[in-house]
Amino acid sequence: MKHRTLKDLKDIKGKRILVRVDFNVPVDEKGNVTEDSRIRKALPTIKHLLNQGAKLILMSHYGRPEGQILDDFRLNPAVSTLEKLLGKKIRKLDECTGEFVQKVVKEMKEGDVVLLENTRFHPGEEGNHPDFAKELASLGEIYVNDGFGVIHKAHASVSGITQHLPSYMGLLVENELKYLTHLMEEPKRPYTIVMGGAKIKDKIGLIKNLMKKADYILIGGGIANTFLAAQGFDVGQSLCEKDKIQVAQEILIAAEKLKVEIVLPSDVVVATLPSDNAVTMDIPIEDVEGDMKIFDIGSKTTEKYKKIISKSKTIFWNGPMGLYEYKPFGKGTKEVAEAIANNKGTTVIGGGDSVDALKRFKFDEKHFSHISTGGGASLSFLEGKELPGVKALIEK
Ligand code: ADP
Ligand code: MG
C-alpha cells in the first residue's frame, strides 16, 4: 500500500491544485472562528504548494447543511482567519461548481488562493455522486487531500474525486497517520490508554482493538460506570448503559487473557445534580447508592492513574474523566491531562471533547506529541477500520 505524498508532487508551477481541507471549525454567533487549529494545521500543505508557484483551489465542508444551500453554513467565517494566518488575500466563492467558478479558476494566477463554498451544499458530496466528483475535479489538474477530519467518509471531495485526478496525500494527513500508526504498531512500553467520555457504545470498538496492543487501559468518565456495574457495583443514578453491561463483562474477561490491565475507579466524586455549585462527595465506589450520580473519578483513583501515566512510554488519551464542563467535576480530567503533558514519551490525544478540555484548562499543545484534528477519523482508524479517503489515495 503506497500513497503518493507531496514529496512525489513536482513541477507544479502554474498548476491548479484542488486541496481538500477541513475548515469545519467552531464559530460564535458573530461569525468569528473561536478555535482555529484545523485551519492552522492546514497551513504547511498550503504554504508548501504556494511556495512552488501553484494555484490553490481549497474545498471544505462546514457543518451539516445536508445538501441544501443555507446561509448559516457558508464558509465565510474561515476566510479572515485563513488570510491572517497566511498573510495574504484569498478569494472566497459562493458556489463550489458551475460556470462562474470555472471562469474564476481559469483566470487564476500563480500563488492565487480560491476557497470554494461549502461542498455539502450539494447533495452529491455526502452521496459521493460520480457527476459531482467529476464536476469538482474539472476545476483543477491535481488533487491533494489534507482534510484529516473527513478522511473516514466516502464523500465526493474525499473519495470520488480521486477517480479523475492524480491524487496526493497532504502533510497534515500524513502526520496524523504517522502518530496513529505508531499507536498500533510497535509502541514503546509500557503503553497506556486513558479512556473516558460519555458513552461506552461509542468506545467499544476502540477498546476491543487497542486492548490487543496496550499494557494498561485506565477507565474514567461515564463509560467507567458501565464497567463498574459489570463488576456488580451499585452506581446509583449515574449514566450507565444497561444493555452494554454484558459487553463490558466480556471485555474484562478478554483483558485477563490478553494480560492487559484494565483499571477502574476505586473511588468517585458524586453529586445529585450537575452544576457549578453542586455539593460533592469523594467516596469509595462501594459507598455509592440511591440517587447519587458519579461525575468524576476520585482523588485516590486520580493518583493511581497519574502514577501509571508517569511510568508509561506511549500514551493515548480519548475521553474526559468526568463532567469537566462543571467546575466541581473537572479535577480528574485536569490532573490526568497534566500527567500526560509532563510525560516525555509519545503522547497522542484524540476526541473533540478531550481537546476541548485541554483548551479549557489552558494546556499548551506543545506539551503533547500529537493532538488529532479528527475525532471520528482517528477513532475509526484506531478501531482498525479502513479509511475511505486514504484508500482512495492508494496508487492505482
Ligand atoms: P471525546 O469527544 O473526547 O471522544 P466523548 O464525546 O466520548 O469524548 O465524551 C465527552 C463527554 O462525556 C463530556 O461532555 C463529559 O461531560 C461527559 N462525561 C464524562 N464523564 C461523565 C460522567 N461521569 N457522567 C456523564 N457524562 C460524563
Ligand atoms: Mg465528543
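Heavy atoms only: backbone and side chains are in, while hydrogens, waters and symmetry mates are out. Index from 1, following the sequence.
The neighbour count for R64 CZ, taken as heavy atoms of other residues, nucleotides or ligands under 6.0 Å away, does not exceed 12. The number of heavy atoms from other shown groups lying within 6.0 Å of NZ (K304) does not exceed 12. In this structure, Q246 places its CD atom where only 12 or fewer heavy-atom neighbours from other residues, nucleotides or ligands lie under 6.0 Å away. Within a 6.0 Å sphere centred on CD of E286, heavy atoms belonging to other residues, nucleotides or ligands number more than 12. Within a 6.0 Å sphere centred on NZ of K84, other residues, nucleotides and ligands contribute 12 heavy atoms or fewer.
The closest side-chain donor-acceptor pair between H155 and R20, if any, does not fall under 3.5 angstrom. Side-chain atoms of E83 and T81 form no donor-acceptor pair, as typed in the model, at a separation below 3.5 Å. In the model, D356 has a side-chain atom that pairs as donor or acceptor with a side-chain atom of Y324 under 3.5 Å. Between the side chains of D291 and T272, no donor N or O sits under 3.5 Å from an acceptor N or O. S378 and E176 share no side-chain donor-acceptor pair at under 3.5 Å. For Y168 and K7, the side-chain atoms include no donor-acceptor pair closer than 3.5 Å. Side chain to side chain, S312 and T192 meet the donor-acceptor criterion of an N or O pair below 3.5 Å.
For the atom pair OH of Y305 and CD1 of I340, the computed distance is 12.0 Å after rounding to the nearest 0.5 Å. Annotation: the span from D282 atom CG to T301 atom OG1 amounts to 8.0 Å, rounded to 0.5 Å. To the nearest 0.5 angstrom, K391 atom NZ is 8.0 Å from S159 atom OG. In this structure, OG1 in T346 is found 11.0 Å from NZ in K313, a value given to the nearest 0.5 Å. Annotation: the span from F121 atom CZ to Q68 atom CD amounts to 10.0 Å, rounded to 0.5 Å. Rounded to the nearest 0.5 Å, atoms CG (L75) and CZ (R120) are 11.0 Å apart.
Side-chain atoms of I251 and I262, non-hydrogen and from C-beta on, do get closer than 4.5 Å to each other. A 4.5 Å side-chain heavy-atom check between Q163 and P130 finds every atom pair outside the cut-off. Looking only at side-chain heavy atoms (C-beta outward), F316 and V194 stay at 4.5 Å or farther from each other. Looking at heavy atoms from C-beta onward, E117 lies out of side-chain contact with I69 at the 4.5 angstrom threshold. Side-chain contact between L18 and V144 is absent, with no heavy atoms from C-beta onward closer than 4.5 Å. Side chains of D22 and F148 form no contact here, defined as non-hydrogen atoms less than 4.5 Å apart. N175 is listed as a side-chain neighbour of H370, based on a closest heavy-atom distance under 4.5 Å. Residues R91 and V104 form a side-chain contact, since some pair of their non-hydrogen atoms from C-beta on lies under 4.5 Å apart.
Contact between I349 and S354 at its shortest, heavy atoms only, is CG2-CB, 4.2 Å. Heavy-atom minimum distance, V158 versus I161: N-CG2, 4.3 Å. Looking at every heavy atom in both residues, L56 comes nearest to L49 through CD2-CB, 3.7 Å. Of all the heavy atoms in I309 and N343, the pair that sits closest is O-ND2, 2.9 Å. Counting all heavy atoms, side chain and backbone alike, I219 lies closest to P265 at O-CD, 3.4 Å. The nearest pair of heavy atoms linking T333 to D296 is N-OD1, 4.3 Å.
With salt bridges taken as basic N to acidic carboxylate O contacts below 4.0 Å, none links D276 and K327. Taking the charged nitrogens against the carboxylate oxygens, E383 and K385 do have a contact shorter than 4.0 Å, which makes a salt bridge. We find that E185 and K213 are not joined by a salt bridge, their nearest charged nitrogen and carboxylate oxygen being 4.0 Å or further apart. The pair K362-D364 does not meet the salt-bridge criterion, since no charged nitrogen lies less than 4.0 angstrom from a carboxylate oxygen. In this structure, E174 does not pair ionically with K178, as no charged nitrogen and carboxylate oxygen lie closer than 4.0 Å. Salt-bridge formation is not detected for the pair K134/D131: no Lys NZ or Arg NE/NH1/NH2 atom is positioned less than 4.0 Å from an Asp or Glu carboxylate oxygen. Note on E110 versus K13: salt bridge recorded, some NZ/NE/NH1/NH2 to OD/OE distance being below 4.0 Å. For the pair E365 and K41, the salt-bridge criterion is met [side-chain N within less than 4.0 Å of a carboxylate O]. Salt bridge status for K306 with E335: present, with a side-chain N to carboxylate O gap under 4.0 Å.
Partner L172 forms a side chain to side chain contact (heavy atoms under 4.5 Å, CB included) with one of L43, V21, I151, T373 and no other, that one being T373.
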